[in-house]
Amino acid sequence: MNKKNHFRIKTLLLEKKYWQWSVALQFIRAPMLMNSITFMLISINHTEDHSIGGLMITAYVLGLTVLTIPCGRLLDRLGIHNGLPILLFISSVSLVGIIITSIFHFHLYWLVVFAALSGGSISGVPGAMRTLLGCTITKDKLPTAIALDSTIIEIVVVISPLIATITSLWWEHGAIISMIFFNLLAGFLARKLTKNFMATSDFIHKKEEVKNKYWYLNRKFVFWIIVSISFGTILGSTEVAALPLAQQLNLSAQSGSLLISVLAICSALSGIAYALINHRINAPYSLQACFLLFLMSISIYFFASSSSFLFAILTISFIGLTVAPLMTARSMAVEELIPIESKTVGFSMINTAHTVGFALSGILIAILPLFWMLLVSAISGILVVVLTPFLLKPLKTVKKLA
């Protein structure tokens, strides 16, 4: 590692504002990762059936997906300083509605409605936080910061469901209360972090300054949308297939959990490694993405073909090692493609595409045998690699006659 990169990493680790941003983001992520087990607990405790919980989770994800772009545009207009706390507060009020509905035994469809509102109101927030990162640290530190965050998120993925489970032991609504607490605290921290920003927005420009209204139709941006869908499908398929694959190999459920843990650990390690070596990689982000997506596709094919537990661990390790670098490359690439006045919308669209990929993995495992589900996921990655030359090839321009 050269001295320049060592200095960049050291200054990032000592940068107070980066850690304020990171803590706020983890508090935002925690409720999003707690919702599944929380809604299931609410459903089982009050209906003695998990079906309502399943509907609540579906409604939450649908709200999160459908309202991403509207919420992103709202944040771009209101400004992060004002918009983030408002949306997090609305999400918290919706969660309070779930508590009230369950305590007073209102009609069960209100549980589904409030779950949808909770997910929908928070949908543009992760994109806004990515926008905020670009204003919190200098541009040369962004790849390192994103790679480091890819490591931190793996810790949050493990801890959040544990918090939901533990807090529900002392009160059946404890997990919901925890989600509300994290939302409100994240809103406070985000507002504190942005207190020096303009109240309206640093990203709003006059209408005549917007050169391309339909910037999101740019083929390079479409390429990253497709990459995100395939990335989400492969990663989601790997996670949902871990337990069924363990059963197929005549192993215990704990073996399936171990596979998921290996995936998370390798993803975290790759985030640290990419943060250390990204300055040495001269390849374009699109080329990096194609290589990593191709490696994911090959790895998930061999994962599907696993005939032993050790081989499954090896192949899922390769998948995990690609996660953080691909997330970082994608984030840095779209940074250059999104107009400054539409940053939150753009990052939200990328997040939504990734979520759609995860949702597709759930659909695939419901309608296909395990091997074919994983094979389709692998094919999605190969197709993106094959389509890359077309998507990234510059359009021929016709010169106007003088």
Side-chain angles (χ1 to χ4, degrees), residues 1 5 8-9 12 25 126-127 129-131 133-134 137-154 216 218-236 238 263-264 266-300 317-338 343 346-358 377 380-393:
M1 191 195 320
N5 195 57
R8 186 183 297 128
I9 294 173
L12 177 66
L25 180 58
M129 290 300 292
R130 173 59 183 84
T131 303
L133 177 62
I137 60 174
T138 56
K139 188 175 181 179
D140 62 314
K141 296 177 186 174
L142 271 177
T144 303
I146 297 166
L148 181 59
D149 181 62
S150 299
T151 297
I152 296 172
I153 190 176
E154 298 299 340
Y216 47 83
N218 180 304
R219 288 196 299 174
K220 289 183 179 180
F221 187 76
V222 172
F223 164 77
W224 289 105
I225 290 288
I226 296 173
V227 166
S228 296
I229 294 173
S230 178
F231 181 20
T233 303
I234 294 174
L235 190 57
T238 305
L263 179 71
C266 289
S267 176
L269 291 175
S270 70
I272 297 171
Y274 194 80
L276 295 174
I277 67 170
N278 69 81
H279 67 287
R280 296 181 180 177
I281 302 174
N282 296 320
Y285 289 121
S286 56
L287 185 59
Q288 292 183 45
C290 286
F291 172 75
L292 292 166
L293 203 56
F294 179 76
L295 184 58
M296 286 188 87
S297 300
I298 297 299
S299 298
I300 198 172
S317 297
F318 278 110
I319 296 171
L321 290 173
T322 63
V323 173
L326 184 51
M327 288 178 66
T328 307
R330 179 186 63 185
S331 185
M332 291 303 302
V334 297
E335 174 89 24
E336 304 297 328
L337 297 174
I338 305 171
K343 289 290 185 185
F347 286 119
S348 296
M349 290 173 72
I350 293 295
N351 288 336
T352 299
H354 194 86
T355 303
V356 168
F358 260 87
S377 300
S380 75
I382 299 297
L383 281 176
V384 174
V385 175
V386 171
L387 290 172
T388 296
F390 168 75
L391 291 170
L392 299 183
K393 183 181 178 181

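Not measured: the values here are computed from a predicted model.
Scanning for side-chain contact (heavy atoms from CB on, under 4.5 Å) contacts around Ile137 gives Leu12, Glu15, Tyr18, Leu133, Lys141, Leu142, Ala145, with sequence neighbours left out. Taking the side-chain contact (heavy atoms from CB on, under 4.5 Å) definition, one finds that Phe294 meets it with Ile298, Ile382, Val385, sequence neighbours left out.
No more than 12 heavy-atom neighbours from other residues, nucleotides or ligands sit within 6.0 angstrom of CZ on Phe291.
Taking CG from Leu276 and CD1 from Ile272, the interatomic distance works out to 8.0 Å, rounded to the nearest 0.5 Å. The OG atom of Ser270 lies 12.5 Å from the CD1 atom of Ile319; values are rounded to the nearest 0.5 Å. Taking OG1 from Thr322 and CZ from Phe231, the interatomic distance works out to 6.5 Å, rounded to the nearest 0.5 Å. Interatomic distance, Thr233 OG1 to Met296 CE, rounded to the nearest 0.5 Å: 10.0 Å. Taking CZ of Phe390 as the start and CZ of Arg219 as the end, the distance is 5.0 Å to the nearest 0.5 Å. For the atom pair CG (Leu383) and OG1 (Thr388), the distance works out to 10.5 Å, reported to the nearest 0.5 Å.
Counting all heavy atoms, side chain and backbone alike, Thr144 lies closest to Ala275 at OG1-O, 3.8 Å. Taking all atoms of both residues into account, the shortest heavy-atom contact from Ala147 to Tyr274 is CB-CD2, 4.0 Å. Residue Ser377 comes nearest to Ile300 through the heavy atom pair CB-CD1, 4.0 Å, listed as atom of the first residue, atom of the second, then distance.
Annotation: side chain of Pro325 is not in contact with side chain of Gln288 (no heavy-atom distance under 4.5 Å). Two residues are said to be in side-chain contact when any heavy atoms from C-beta on lie closer than 4.5 Å; Phe223 and Val384 meet this criterion. Here the side chains of Ile234 and Leu293 are in contact, with some heavy-atom distance below 4.5 Å. Contact of the Arg130 side chain with the Ile146 side chain is registered, since non-hydrogen atoms from C-beta on lie closer than 4.5 Å. Two residues are said to be in side-chain contact when any heavy atoms from C-beta on lie closer than 4.5 Å; Lys220 and Glu336 fail this criterion. Using a 4.5 Å heavy-atom threshold, the side chains of Ile350 and Phe221 count as touching.
In this structure, the side chain of Ser267 does not engage the main chain of Leu263 through any donor-acceptor pair within 3.5 Å. Judged by distance alone, the side chain of Ser331 and the main-chain N or O of Thr328 form no donor-acceptor pair under 3.5 Å. Ser230 contributes no side-chain N or O that, together with a main-chain N or O of Ile226, makes up a donor-acceptor pair within less than 3.5 Å.
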Derivation and outcome, side-chain contact (heavy atoms from CB on, under 4.5 Å), residues Leu321 and Leu295: CA-CA 10 Å; Leu321 290 173; Leu295 184 58; over 6 Å; no
